[in-house]
Amino acid sequence: MRVLTVYRRLYACHGPQHWWPGDGPFEIMVGAVLTQNTAWSNVERAIANLKAAACLEPEAIATCDLRHLGALLRPAGYFNVKARRLQHFCRWYLEQGGYERLRRWPTARLRFALLGVHGIGPETADDILLYAFGRPVFVVDAYTRRLAARLGLVAGDLSYEALRAYFEQALRRETGYEDRPGTAGRRRLVRLYNEYHALIVAHSKSVCRPRPRCSVCCLARHCPAVS
DNA sequence: ACCCAGGGTCATA
DNA sequence: TATGACCATGGG
């Protein structure tokens, strides 16, 4: 089955997802860290706490007392870990000159630098690249791996990088969009990767219904036909 | 009382 | 390099 076909079916079933849920690049980056292995509803509470404490800014987080920051992040779980990770990230972010500087970096350099920040792994880095910086990077998560494996597109033990390369190459080939800076093809790829990842998450969290149903409906997490 | 969630790091073999 | 432990809250 073509990867683009899967996308069309997911879109037909679930519609546009309007990701990333959040206001502005920095809030998106914060959300990307906070949502690590955590339900988004919990992240929303933590972000609300940060806003209410006037602490949803890089300077505030970078200089904040870790105990205080942890208290604000408590609803998101792993709050001690995430307080340290957020602070590491914000200090790095400010050292590099913030968004206006980082947005000038080529994608490969930006990705490599993000992966060097303590607490930023492949998925968090790619969330940031795609949703905060608008780069054509396909985000892989546990849902993506399970979906691709169950459809028989790839082996189940493929590495993160291999899976990302698979989706990016397949989608570039099947759409014919070219990935060159400043081109319409680049922007289309960004929109496609954005919506695709969001749809995989939405689909995986959805419950399989008799009607209406999409052609990949039996791959939802809670579908009785799968487990 | 379970299980899981839009991961990542670290210690161990 | 490949597992396992650990982090922790909130909803089903």
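Just so it is clear: chains get the letters A, B, ... in the order the sequence lines come, proteins before strands, and each one is counted from 1.
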Asks: Quick one: which residue pairs count as a ring-ring contact (aromatic ring centres under 6.0 Å, His included) with a foot in residues 29-73 of chain A, not counting sequence neighbours?
Replies: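 The answer is A:W20-A:W40.
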
Asks: Show your reasoning for whether side-chain contact (heavy atoms from CB on, under 4.5 Å) applies to A:Y193 and A:E168.
Replies: CA-CA 8 Å; A:Y193 294 168; A:E168 290 181 2; 3.7 Å; yes

Asks: Base, sugar-phosphate or nothing for A:D127? Non-hydrogen atoms, less than 4.0 Å.
Replies: nothing

Asks: Can you tell me how far P of B:dG6 sits from CH2 of A:W19, to the nearest Å?
Replies: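 Going from A:W19 (CH2) to B:dG6 (P), I get 8 Å.
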
Asks: Between A:V117 and A:P21, name the one whose nearest nucleotide on DNA chain B is closer to the 5' end.
Replies: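 Upstream on the strand: A:P21.
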
Asks: Check the distance between B:dG8's P and A:E161's CD and give it to me in whole angstrom.
Replies: 11 Å

Asks: Please list, chain by chain and in numerical order, all residues satisfying ring-ring contact (aromatic ring centres under 6.0 Å, His included) with A:F79, sequence neighbours excluded.
Replies: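 Expected list: none.
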
Asks: Taking atom P of B:dG6 as reference, at what distance in whole Å does atom OH of A:Y131 sit?
Replies: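 After rounding, the gap between these two atoms is 13 Å.
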
Asks: Starting the side chain at C-beta, find the nucleotide from B:dG6, B:dG8, B:dC10 nearest to A:H118.
Replies: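 Of B:dG6, B:dG8, B:dC10, B:dC10 is nearest to the side chain of A:H118.
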
Asks: 5' to 3' on DNA chain C, which nucleotides open and close the contacts with chain A (atom under 4.0 Å from a heavy atom)?
Replies: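 Contact span on the strand: C:dC7 to C:dG11.
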
Asks: Taking only residues two or more places apart in sequence or in another chain, which ones pass ring-ring contact (aromatic ring centres under 6.0 Å, His included) with A:W19?
Replies: A:Y131, A:H197

Asks: In whole angstrom, what separates A:Y160's OH from B:dG8's C1'?
Replies: 13 Å

Asks: A:I120 near the nucleic acid: base, sugar-phosphate alone, or nothing, with a heavy-atom cut-off under 4.0 Å?
Replies: sugar-phosphate

Asks: Using whole Å, report how far CG of A:L34 lies from P of B:dG6.
Replies: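 These atoms are roughly 14 Å apart.
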
Asks: By nearest nucleotide on DNA chain C, pick out whichever of A:V81 and A:S41 is the more 5' one.
Replies: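 The answer here is A:V81.
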
Asks: Does A:R180 use its side chain to pair, donor to acceptor, with the backbone of A:G185 at less than 3.5 Å?
Replies: no

Asks: Between A:G121 and A:N42, who's closer to the 5' end of DNA chain B by nearest nucleotide?
Replies: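 Looking at DNA chain B, the more 5' nearest nucleotide goes with A:N42.
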
Asks: Using the six-membered ring for Trp and the full ring for Phe, Tyr or His, decide whether A:W40 stacks on the six-membered base ring of B:dA5 (centres under 5.5 Å, planes under 30°).
Replies: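 No; centroid distance or tilt outside limits.
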
Asks: To the nearest Å, give me how far apart OH (A:Y78) and C1' (B:dG6) are.
Replies: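 From A:Y78 OH to B:dG6 C1': 13 Å.
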
Asks: Parallel, tilted or perpendicular: which describes the rings of A:F89 and A:F26, with under 30° parallel and over 60° perpendicular?
Replies: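 Geometry flag for A:F26 against A:F89: parallel rings.
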
Asks: When the distance from CZ of A:R45 to P of B:dA5 is rounded to whole Å, what number comes out?
Replies: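 It works out to 18 Å between those atoms.
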
Asks: Where is the tightest heavy-atom contact between A:L34 and A:V43, given as atom of each residue plus distance?
Replies: O-CG2, 3.5 Å

Asks: My validator wants the stems of DNA chain B: runs of 3 or more consecutive Watson-Crick or G-U pairs, both distances under 3.5 Å, written as range with range.
Replies: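 As far as DNA chain B goes, consecutive pairing (with distances under 3.5 Å) yields the stems B:2-5 with C:9-12, B:7-13 with C:1-7.
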
Asks: If you measure from the P atom in C:dT3 to the same atom in B:dG6, how many Å do you get, rounded?
Replies: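 25 Å, rounded to whole Å.
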
Asks: Rounded to the nearest angstrom, tell me the gap between atom CG in A:L115 and atom P in B:dG7.
Replies: 16 Å

Asks: Below 30° counts as parallel, above 60° as perpendicular, anything between as tilted: where do the rings of A:F138 and A:F167 land?
Replies: parallel

Asks: What residues form a ring-ring contact (aromatic ring centres under 6.0 Å, His included) with A:F112, not counting sequence neighbours?
Replies: none

Asks: Testing the basics here: between A:Q87 and A:C64, what is the closest heavy-atom pair and its distance to 0.1 Å?
Replies: NE2-O, 2.7 Å

